[in-house]
Amino acid sequence: MARPTKRAKKKSRPAKKHVGKKARAAKAPAKKSPAKKSAAAPKSAAKSKSISKSAPKPAQRLAPSRVRSKRQLRPAPMRPRLKPRSAYDELPRTPANFQPLTPLTLLERAAAVFPDRIAVIHGAQRVTYADFYRRCRQLASALAAHGIGKNDTVAAVLANTPAMLEAHYGVPMAGGVLNAINTRLDAASIAYMLEHGGAKILITDREFSATVGEALKQLKHPPLVIDYDDPEFPQDGARLGEDYEAFIAEGDPEFSWMMPADEWDAISLNYTSGTTGNPKGVVYHHRGAALMGYSNILAGNMGRHPVLLWTLPMFHCNGWCFPWTLSVNAGTHVCLRWVRAGAIYKAIAEHGVTHLCGAPIVMSTLLDAQPDEIRDFSQRVTFLVAAAPPPESVLAGMAEAGFDIVHVYGLTEVYGPAVVNEWHEAWDALDSAGRAKRQARQGVRYHALEGLAVMDPQTMEPVAPDTLGEVMFRGNVVMKGYLKNPEATRAAFAGGWFHSGDLGVMYPDGYIQLKDRSKDIIISGGENISSIEIENVLTRHPAVQFAAVVAKPDAKWGETPCAFVEKRRGHEAVTEEDILAFCRQHLAKFKTPRFLVFTELPKTSTGKIQKFALRQRANTL
């Protein structure tokens, strides 16, 4: 082991022989005669000065005489030589023993080992793994023929269809970066993402042609557009570009696709609303996507050949990376274009669905189903649910209906879920209050996440158990950073951890629980809504002087936006409906406030709006 740095800097010197005062004075170099005043100094003073200068410093004091002679006989200590390079370090890293991690090889293996197994079910369509892999290679080939290469962005505005699954593989196989865009956004938001992400090609579903068409008109240099026309559920939206199937047919089914040169290479781009109206582009890399594939299998208790029903939008954090996950053990994707209770129960019963994911709103959809929509099924279905933990009554209802709940938590910046509430069998023996207390926790870190902590963001030290702090992440499933936003990236990674902005506590057993959010994000039906974005729209109305938006608890959606508005003078005739209609014109439907209250906003002495008071008031509405 190397010596500590401070000790290593000291130089060892051979011991000096003891000599008398006269000898030292004789060896001292002759000096020129100083000024008269110095020359007139007494000899005793000069001798004293000479002795003082040649005397050893305190740190170099000679040893006592009884041990000095022994030490003088010892050889001078030598500086330790550096340890020679270990034979272990001489072993080379070569293509034979090191390849970059990527989820693309997972599909390649699944197609080779289980070529005839069903990979995708969509309506009457059945696609085997061999055909799924072939189509992904054709897509990659066609994209490459149109100039897509490393770090080129390909955007997709698609529902949960086979085309979206193919894009998750075909785009990165060409070296490109997939930008899956929220289909519920307004034209201005989509235009911003296309422009900011630099999309060269856009694959879009005809269902969203009206909004996408408006977005394209706002671009100076619109991308090449490919229209996906769903053969199982045809749409009548306008055609904006080339036909998807014709585009695929141009590709080579034997295309030699591109492995990433580095597992740190970007694989996807996902926009998050953050705390402002300007979306931030979160970049994922191949390594994280591959590791999430394995971690989801473990967190979701997925056995051999699982069957996943797509109740979670694939545009949301790349469907929590499940488009790649199912290739790990050759599972089956059951596409679901619209989340409807009857369609969900039918798919579960007919296709033997074992897993589904989503927000609590999906649970409400299932529990509120009409009798003629419910279908019996024999298997237990695992439901991975994010956002706020469901009420105990909902959990009990889901268990009775045949569903086992796995509570997860995460953010776009950590590839979706990175925390899971690992359930202990001993907790089953607790009373209902005890079980509910543990179900309310977000949980512990995913297998692919190296660090999960609750810290003081100022000192970057872990807080004491049960003490409020900021939840922070560290590991291979944390984003590369925010695209074209180095300042936000540096702030997010300050101190070597990703700052989530969520406030919570960590209990002595290592489980975390969220208590509040430092960001003004409203999570409604699993979608992040920026309160500031809504406030900016509200204040653009001529009748609005001040506006504040907070989250109002909602039994169905989890949370919903609640707006408090202070009118300008002279606009007393403006109604709540007038303001809400204005919001609907400028915001996506799910972002529009469901509650609006005209009131004088509570403010501090410096004029800052007291949102905590508004949250309390919203809870009583």
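Side chains of Tyr228 and Asp243: a donor-acceptor N/O pair is absent below 3.5 angstrom, by distance only. Residues Tyr482 and Glu413 have side chains that bring a donor and an acceptor to within less than 3.5 angstrom of each other. Side-chain contact of Gln442 with Asp502: a donor-acceptor pair under 3.5 Å is absent, judged by distance alone. A donor-acceptor contact closer than 3.5 angstrom links the side chains of Asn296 and Tyr446. Judged by distance alone, the side chains of His168 and Trp324 never bring a donor and an acceptor atom under 3.5 Å apart. Side-chain contact of Asn318 with Asn270: a donor-acceptor pair under 3.5 Å is present, judged by distance alone. Remark: the His305 side chain and the Asn329 side chain contain no N/O donor-acceptor pair separated by less than 3.5 Å. Arg134 and Gln138 form a side-chain donor-acceptor contact under 3.5 Å, judged by distance and modelled atom types alone. Side-chain contact check for Glu166 and Tyr244: at least one donor-acceptor pair (N or O, by modelled atom type) lies under 3.5 Å.
Qualifying side-chain contact (heavy atoms from CB on, under 4.5 Å) partners for Glu400, counting only residues two or more places apart in sequence or in other chains: none.
Residues Glu527 and Lys591 are not paired through a salt bridge, judged by the lack of any N-O separation under 4.0 Å between the basic side chain and the carboxylate. Asp428 and Arg438 are not joined by a salt bridge, as no carboxylate oxygen comes within less than 4.0 angstrom of a charged side-chain nitrogen. Ion pair Arg137/Asp252 not flagged as a salt bridge, since none of the NZ, NE, NH1 or NH2 atoms sits closer than 4.0 Å to an Asp/Glu carboxylate oxygen. Ion pairing of Arg337 with Glu207 is present here, as a side-chain N (NZ or NE/NH1/NH2) and a carboxylate O approach within less than 4.0 Å. Arg441 and Asp509 are joined by a salt bridge, as a carboxylate oxygen and a charged side-chain nitrogen come within less than 4.0 angstrom of each other. In this structure, Asp229 pairs ionically with Arg206, as a charged nitrogen and a carboxylate oxygen lie closer than 4.0 Å. Under 4.0 Å is where a charged nitrogen must lie from a carboxylate oxygen, and between Arg239 and Asp227 no such pair does.
When each of Ile121, Leu165, Val127, Asp230 is checked for a side chain to side chain contact (heavy atoms under 4.5 Å, CB included) with Cys335, only Leu165 meets the rule. With Tyr169 as the fixed residue, the ring-ring contact (aromatic ring centres under 6.0 Å, His included) test singles out one of Phe132, Trp257, Tyr133: Phe132. Residue Ile405 is tested with Leu384, Leu395, Thr382, Asn421 for a side chain to side chain contact (heavy atoms under 4.5 Å, CB included); the sole match is Leu395.
Within 6.0 Å of the OH atom in Tyr294, the count of heavy atoms belonging to other residues, nucleotides or ligands does not exceed 12.
Rounding to the nearest 0.5 Å gives a distance of 13.0 Å between CE of Met363 and CG of Asp368. To the nearest 0.5 Å, the span separating CG on Leu139 from CD1 on Ile148 amounts to 10.0 Å. Atom OH of Tyr284 and atom CG of Leu269 lie 10.0 Å apart (nearest 0.5 Å).
Aromatic ring centres of Trp310 and Phe315 lie farther apart than the 6.0 Å criterion allows. Ring pair His122/Phe233: centre-to-centre distance below 6.0 Å.
For Ser209 (side chain) and Ala238 (main-chain N/O), a donor-acceptor pair under 3.5 Å exists by modelled atom type.
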Criterion side chain to side chain contact (heavy atoms under 4.5 Å, CB included) on Val478 and Tyr415, from CA distance to verdict
CA-CA 7 Å; Val478 175; Tyr415 292 67; 5.8 Å; no

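Across all their heavy atoms, Phe403 and Leu366 have their closest contact at CZ-CD1, 3.8 Å.
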